[in-house]
There are 2 protein chains.
Amino acid sequence: MSQTRIDPRITRTRNLIMDAFVQLSMKKEFKDITIKDITDEATVNRATFYSHFTDKYQLLDAVLTEDLMTKIFNDINLHDELSEESIIKIFLSITTFQSDLSTQCKRSYDAFMSSIEAKLKAQLEELFCKHLIKNQPQEDPETLRIASVMLSWGIYGASVDWQHNSKLTAEQYIQKALPPILNGMKLIK
Amino acid sequence: MSQTRIDPRITRTRNLIMDAFVQLSMKKEFKDITIKDITDEATVNRATFYSHFTDKYQLLDAVLTEDLMTKIFNDINLHDELSEESIIKIFLSITTFQSDLSTQCKRSYDAFMSSIEAKLKAQLEELFCKHLIKNQPQEDPETLRIASVMLSWGIYGASVDWQHNSKLTAEQYIQKALPPILNGMKLIK
DNA sequence: CATCATTAGTTGTTTAAGCAACATATTCGC
DNA sequence: GCGAATATGTTGCTTAAACAACTAATGATG
């Protein structure tokens, strides 16, 4: 993975800062969290913060991609097959991720939902694309990429719809949503 | 407390090393734990270990005094009065400490029990002495110190006796042991 | 017993983090 | 609005930790 060995001090303080930020996010709103708050919580010098992140927005960015979103995809990347089961897993991961976010963090994070959405979809797209290319190497790559785009938007859209409009449980919802997804993937096959 | 501000890096890596050692103690015997095991677990460079401790014996020493024993005395030092209640608390703390040690650590720690015993008694003595001097400043200090020695040995001896010879619970045992202790302190008053 | 391997310490050099001081920039109370 | 306090970046210097390379010691294996 990482070709050039990373100094353990770097990952350590980076994690300290990110963990401190996650902790503070549970207590305060994003706008009320200062750099000093973060570095105090992390027991790291304030100047050191700036050798890792330019500002707290970039930190939020890193936390979202590295810390929270990897939790979603860690389970899934292991499975080589994009089975019905893994689709279900992905959907449930997204919904729990979203509810985690709303309980763990304070209000002001609504402002970042669009950024989070974009990141999530990008990750989903990459995941789908990787699997499609692996299973259908003869197919035109651009075709597969476009299919991945639609699948990622579709499944994410479903999670948003579930959150806002549905009375079903997430498990029930995904059962109803499965056919179009699987058919969509079949079309490509 | 600490007059000269301590570099946070020092306490951080020191804690990393000590925590790693405690973790390993639950899995391995002391004799089987290498410096490399410790530093790997702590994600600290092996050379760094030696700028904190000369060897693993000194580390064990530090862990026992700073890490484990402070847990015992933290609750108690808050109370200014050496009441019946706090005596009971001390006794129960000692017994739970001893059983924690035997469950958390592997066999080979028997070899260090004498050292642990000495440390515990020294701490107890200091605790008693501090309280006696505070409450009876007119009394000869050496008299109070000797009383502290006897109290610490007595109460520790009781815990050893409880462990080996008694069928009572620790709570029942200390109830029976209380009169001599309290009388001993009264003699001084 | 010799050999190979692992561990224990040590040392010199490089790098990341701590620290203090500084110049903006925001925010807050009046 | 204005001044004081607080937050934000930045910089030069110091120190702790990482790293690599080495010797010595302990230990296992044939």
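Rounded to 10 degrees, the angle separating the terminal axes of the helix from C:dC1-D:dG30 to C:dC30-D:dG1 is 50°, with each axis obtained from five end pairs.
Scanning residues 36-49 of chain A for heavy-atom distances under 4.0 Å to DNA chain C yields A:T43, A:V44, A:N45, A:A47, A:T48. Proximity of residues 8-20 of chain B to DNA chain C (heavy atom under 4.0 angstrom from any strand atom) is restricted to B:P8, B:R9, B:R12.
Nearer the 5' end of DNA chain D, as judged by each residue's closest nucleotide, is the contact made by A:I35, out of A:I35 and A:D7.
The salt bridge (Lys or Arg N to Asp or Glu O under 4.0 Å) pairs that include a residue from residues 142-152 of chain B are B:E125-B:R145, B:E142-B:R145, where partners are two or more places apart or lie in different chains. The list of salt bridge (Lys or Arg N to Asp or Glu O under 4.0 Å) pairs with a residue in residues 10-22 of chain B, not counting sequence neighbours, reads B:R14-B:E66. The salt bridge (Lys or Arg N to Asp or Glu O under 4.0 Å) contacts involving residues 173-183 of chain B comprise nothing, where partners must be two or more places apart or lie in separate chains.
In terms of the side-chain hydrogen bond (donor to acceptor under 3.5 Å, both in side chains) criterion, residue partners of B:D7 (sequence neighbours excluded) are, by chain and number, B:R9. For B:K119, the side-chain hydrogen bond (donor to acceptor under 3.5 Å, both in side chains) criterion is met by B:D61, not counting sequence neighbours. Under the side-chain hydrogen bond (donor to acceptor under 3.5 Å, both in side chains) criterion, B:Q58 pairs with B:T54, not counting sequence neighbours. In terms of the salt bridge (charged side-chain N to carboxylate O under 4.0 Å, His left out) criterion, B:E126 has no residue partners (sequence neighbours excluded). The side-chain hydrogen bond (donor to acceptor under 3.5 Å, both in side chains) search around A:D32 returns none, not counting sequence neighbours.
The pair B:K121-B:E117 meets the salt-bridge criterion, with a side-chain N (NZ, NE, NH1 or NH2) lying under 4.0 Å from an Asp/Glu carboxylate O.
Note that CD1 of A:I33 is 11.0 Å distant from CD of A:Q23, once rounded to the nearest 0.5 Å. Atoms CG and CG, from B:D37 and B:L24 in turn, are 6.0 Å apart once rounded to the nearest 0.5 Å.
Between A:F30 and A:Y57, the distance separating the two ring centers is shorter than 6.0 angstrom.
Here chain B contacts DNA chain C (any atom closer than 4.0 Å to a heavy atom, that is under 4.0 Å), and the contacts span C:dT7 to C:dC19 from 5' to 3'.
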